[in-house]
Amino acid sequence: QVQLVESGGGLVQAGGSLRLSCAASGRSLSSYAVGWFRQAPGKERDFVGFINWSSGGTYYTDSVKGRFTISRDNAKNTVYLQMNSLRTEDTAVYFCAAGPKFTRSETGYYYWGQGTQVTVSS
């Protein structure tokens, strides 16, 4: 079992930055992908990006490339989502998830956090 807890959400003005954290406990994530997803009000949950815990390799959806960066801290068993140049359309609940598949699909992720709200004002 893996437990994931997100933190760092909040209210920020457009153009600003936030860093979300996803703290993991339980089993090792060494062979896992840790992904970030987001769900805007009234919309389906969308893929943001993932990191390969072992290699540190990352992959992002096009809308966040160049603005968002995923990183990890092995010692703290934590994954970060650094979000820069935020736009109002980035407003959503952000979730982290862990699973054995390096994929955009939610079905590849077995463990999910509870989510953290990010609100970007104009």
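For the numbers below, each heavy atom of this structure counts, side chains included, while hydrogens, waters and symmetry mates do not.
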For a quick test of reading the model, state the closest non-hydrogen atom pair linking [X] to [Y] and the distance between them.
{"X": "K43", "Y": "Q39", "answer": "O-NE2, 3.1 Å"}
{"X": "T103", "Y": "G108", "answer": "CG2-CA, 3.8 Å"}
{"X": "G9", "Y": "T116", "answer": "N-OG1, 3.2 Å"}
{"X": "A33", "Y": "F50", "answer": "CB-CD1, 4.4 Å"}

Nearest-0.5 Å distance, [atom1] of residue [X] to [atom2] of residue [Y]:
{"X": "L81", "Y": "I51", "atom1": "CG", "atom2": "CD1", "result": "10.5 Å"}
{"X": "F102", "Y": "S31", "atom1": "CZ", "atom2": "OG", "result": "7.5 Å"}
{"X": "K65", "Y": "T58", "atom1": "NZ", "atom2": "OG1", "result": "10.0 Å"}

* Verify the neighbour count for atom CD of E89: are there more than 12 heavy atoms of other residues, nucleotides or ligands below 6.0 Å? =>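 For E89, atom CD is crowded (more than 12 foreign heavy atoms under 6.0 Å).
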Determine all donor-acceptor pairs shorter than 3.5 Å in which one atom belongs to a side chain in residues 92-101; sequence neighbours excluded.
{"from": "Y94", "atom 1": "OH", "to": "R38", "atom 2": "NH1", "distance (Å)": "2.9"}
{"from": "Y94", "atom 1": "OH", "to": "D90", "atom 2": "O", "distance (Å)": "2.6"}

Does the side chain of [Y] come within less than 4.5 Å of [X]'s, by heavy atoms?
{"X": "T91", "Y": "Q117", "answer": "yes"}
{"X": "F47", "Y": "V64", "answer": "no"}
{"X": "N74", "Y": "W53", "answer": "yes"}

* Start with the C-alpha distance between V118 and M83, add both sets of side-chain angles, then the distance that settles side-chain contact (heavy atoms from CB on, under 4.5 Å), and finish with yes or no. => CA-CA 10 Å; V118 172; M83 304 185 294; 3.8 Å; yes
* Between S63 and T61, a side-chain donor and acceptor under 3.5 Å ->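 No.
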* Asked: Can Y59 and R104 be counted as having a side-chain donor-acceptor contact under 3.5 angstrom?
  ->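 Yes, because at least one side-chain N or O of Y59 sits under 3.5 Å from a partner of the opposite role on R104.
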Taking [Y] as the starting point, is it possible to reach [X] by hopping between hydrophobic residues whose side chains are less than 4.5 Å apart?
{"X": "V48", "Y": "L86", "answer": "yes"}
{"X": "L11", "Y": "V120", "answer": "no"}
{"X": "I70", "Y": "Y111", "answer": "yes"}

Main-chain N/O of [Y] paired with [X] side-chain donor or acceptor, under 3.5 Å:
{"X": "Y60", "Y": "R67", "answer": "no"}
{"X": "D73", "Y": "T78", "answer": "no"}
{"X": "Q114", "Y": "V5", "answer": "no"}

* To do: Applying salt bridge (Lys or Arg N to Asp or Glu O under 4.0 Å), name anything that partners R45, two or more places apart in sequence or on another chain.
  =>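 Checked R45 against salt bridge (Lys or Arg N to Asp or Glu O under 4.0 Å); matches are E106.
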* Asked: After noting the C-alpha distance and the side-chain angles of W36 and F68, does the key distance pass the side-chain contact (heavy atoms from CB on, under 4.5 Å) rule?
  -> CA-CA 11 Å; W36 285 95; F68 290 11; over 6 Å; no
* Are the aromatic ring centres of Y109 and F37 under 6.0 angstrom apart? ->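 Close enough - the centres of the two rings lie under 6.0 Å apart.
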In residues 13-22, what donor-acceptor pairs under 3.5 Å come from side-chain atoms, sequence neighbours left out?
{"from": "S17", "atom 1": "OG", "to": "N84", "atom 2": "OD1", "distance (Å)": "2.9"}

